[in-house]
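All values below were derived from every heavy atom in this structure, side-chain atoms included, with hydrogens, water molecules and symmetry-related copies excluded.
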Amino acid sequence: MDIRLTAVKFDRKDLPVGTPVVGMVGGGQLARMTQETAVALGIQLRVLAEGATVSAAQAVADAPVGDYKDSETVRRFAAECDVVTFDHEHVPTGLLHSLEADGIAVRPGPDALVHAQDKAVMRARLDTFDAPAPAHQVVATPADVADFAKRVGGFPIILKTTRGGYDGKGVWFVDGPEDPQIATAFGSGVPILAEEKVDFVRELSAIVARSPHGQAVAYPIVESVQRDGVCVEVTAPAPGLAPERAAQAQQTALRIAGELGVVGILAVEMFEARDGRLLVNELAMRPHNTGHWSIDGAVTSQFENHLRAVLDLPLGSPAARAPYTVMVNVLGGDVEDMHRGLLHCMARDPGLKVHFYGKSVKPGRKVGHVTAYGDDLEETRERARHAAAYLTGTIDE
């Protein structure tokens with residue numbers, strides 16, 4: 001008998017009555033992790049993937065491959081969905097407006113999402129309601145850079161591309177008016193934003209979920225640790241953060257979500273400055289790396305609340321399940337076969353949670369994360385750090 005394997009594609013008429021269909025543009029690990037919640041809730045998740053073997057395409061049965069910048073491709077994909085949401089912020093704003101003109105629910109909508117796509121637009125809009133932020137200015141010439149530095153008390157300052165930067169890319173630390181990185185920044189071909197270099201104690205993240213009718217919930221404020229522009233560790237809740245400061249950060253994030261009309265998850269990355277200010281650094285309108293701890297550490301994960309929000313279902317509790325949860329990203333190193341480390345990690349720590357993203361190992365690449373939770377902060381950190389280090393081959397016992 002000749003048995004042939006074929007890709008599975010669901011026809012709407014074959015789904016149980018009432019099954020909502022959510023389309024997610026982008027096939028990365030965020031879409032992959034959203035699938036687990038979609039299965040549990042009986043939601044049909046479709047993914048517009050960049051390739052047949054990307055992270056989400058390995059886990060989602062209905063994952064057509066196409067270019068998210070191509071209007072016809074995206075519109076054809078969206079036409080089969082009840083609502084469209086995103087694994088990343090890079091779909092052109094004009095294309096999203098055309099989807100809305102077609103009568104398709106886009107969440108978050110283009111008028112909100114543009115504030116996560118364009119840092120200059122974001123800064124200008126946040127200024128209108130006095131959201132706390134570093135001093136900033138769009139600059140067009142080296143002379144503008146020098147003038148801005150003078151205004152904020154001198155160099156060093158930060159230059160950022162207004163669009164397209166992530167994980168440390170498109171960000172330059174400039175030490176003086178002759179710094180060659182000024183030319184590098186202007187050579188990027190993208191408008192440049194200058195910001196004061198904040199003297200900060202640590203980086204925090206405030207994650208909230210908001211539904212179309214305005215219900216919103218706020219997760220505990222977390223501390224994130226960045227290395228070379230990449231998030232390596234997240235602790236929930238942020239240790240030593242006074243309750244009133246945590247409430248201030250949550251209220252800032254909730255206000256931003258409301259003012260911008262965000263639907264779904266909003267992550268507000270913040271600086272806790274040495275002078276006591278809490279300053280908004282960047283926005284993301286999708287599940288976020290600093291919220292991955294919530295899969296195992298919160299009553300309702302960020303992925304579930306994102307799906308609930310875009311479908312306008314009541315939001316779930318964001319409360320933590322344990323006093324502390326620590327998530328450590330597993331970054332690619334010299335060890336290609338990370339699965340062989342599971343035996344040791346799981347035997348050593350039965351409470352450990354491991355999440356792999358189906359990615360091949362490349363140096364510095366996020367290929368997964370580990371999560372530990374417990375009553376003691378230092379013990380919980382040690383467990384998560386040990387597992388990540390063992391999987392990457394940094395330690396061998």
Side-chain angles (χ1 to χ4, degrees), residues 24-26 30 68-69 74 83-101 105-139 158-167 169-171 190-196 198 203-212 214 216-219 224 249-271 278-291 302 305-306 309-310:
M24 183 166 270
V25 179
L30 301 181
Y68 63 82
K69 293 174 288 188
V74 176
V83 60
V84 171
T85 188
F86 309 95
D87 170 270
H88 57 71
E89 294 100 345
H90 306 311
V91 182
T93 307
L95 175 49
L96 299 182
H97 279 295
S98 72
L99 294 183
E100 287 195 326
V106 179
R107 294 173 176 167
D111 291 336
L113 192 61
V114 68
H115 298 92
Q117 296 173 321
D118 190 309
K119 296 180 181 65
V121 173
M122 179 263 289
R123 288 295 185 211
R125 181 70 176 91
L126 295 190
D127 285 347
T128 65
F129 54 93
D130 297 322
H136 53 272
Q137 177 185 319
V138 175
V139 290
I158 309 296
L159 297 181
K160 298 179 176 179
T161 55
T162 53
R163 283 181 175 262
Y166 67 97
D167 281 354
K169 299 176 178 65
V171 179
V190 179
I192 297 299
L193 180 72
E195 293 186 349
E196 69 168 301
V198 177
E203 295 185 63
L204 304 173
S205 180
I207 290 183
V208 299
R210 183 177 180 274
S211 66
V217 297
Y219 285 86
S224 67
Q250 289 175 318
Q251 289 163 6
T252 295
L254 288 167
R255 184 179 182 196
I256 291 172
E259 292 279 357
L260 302 186
V262 175
V263 173
I265 290 290
L266 169 69
V268 182
E269 296 179 79
M270 299 181 176
F271 295 124
L278 287 179
L279 302 174
V280 175
N281 181 24
E282 295 191 355
L283 306 179
M285 296 180 192
R286 51 171 171 73
H288 193 256
N289 197 172
T290 58
Q302 65 166 345
N305 264 335
H306 186 72
V310 301

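Applying the side chain to side chain contact (heavy atoms under 4.5 Å, CB included) test to L254 and every residue at least two apart in sequence or in another chain returns V208, A216, A218. The side chain to side chain contact (heavy atoms under 4.5 Å, CB included) test applied to E89 returns L113, A116, Q117, A284, R286, not counting sequence neighbours.
Atom CE of residue M24 and atom NE2 of residue H88 lie 10.0 Å apart, to the nearest 0.5 angstrom. Taking CG from N289 and CD1 from I207, the interatomic distance works out to 9.0 Å, rounded to the nearest 0.5 Å. The distance from atom CD of E195 to atom CG of L279, rounded to the nearest 0.5 Å, is 10.0 Å. For the atom pair OG1 (T290) and CD (Q302), the distance works out to 7.0 Å, reported to the nearest 0.5 Å. Note: K119 NZ to L283 CG = 10.0 Å, rounded to the nearest 0.5 Å. For the atom pair CG (N281) and CD1 (I158), the distance works out to 9.5 Å, reported to the nearest 0.5 Å.
The two residues R210 and A309 make their nearest non-hydrogen contact at O-CB, 3.3 Å. Closest approach of T85 and R107 over heavy atoms only: OG1-O, 2.8 Å. Minimum heavy-atom separation, L159 to V139: CD2-CG2, 4.3 Å. Contact between V310 and V83 at its shortest, heavy atoms only, is O-CG2, 3.7 Å.
Residues H90 and Y68 have side chains in contact (heavy-atom distance under 4.5 Å, counting atoms from C-beta outward). Annotation: side chain of V280 is in contact with side chain of L126 (closest heavy-atom distance under 4.5 Å). Looking only at side-chain heavy atoms (C-beta outward), R123 and P134 come within less than 4.5 Å of each other. Taking 4.5 Å as the limit, every side-chain heavy atom of L30 sits out of range of all side-chain heavy atoms of H288.
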Which pairs would a plain distance check flag for residues 255-271, meaning a side-chain donor or acceptor within less than 3.5 Å of a matching protein atom at least two apart in sequence or in another chain?
| residue | atom | partner | partner atom | Å |
| --- | --- | --- | --- | --- |
| R255 | NH1 | F129 | O | 3.1 |

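Within the 3.5 Å criterion, the main-chain N or O of Y219 finds a donor-acceptor partner in the side chain of Q250. Between the side chain of T162 and the backbone N or O of P191, at least one donor-acceptor pair lies under 3.5 Å.
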In sequence, state the C-alpha distance, the side-chain angles, and the governing distance for V114 and R163, and then conclude on side chain to side chain contact (heavy atoms under 4.5 Å, CB included).
CA-CA 10 Å; V114 68; R163 283 181 175 262; 3.9 Å; yes
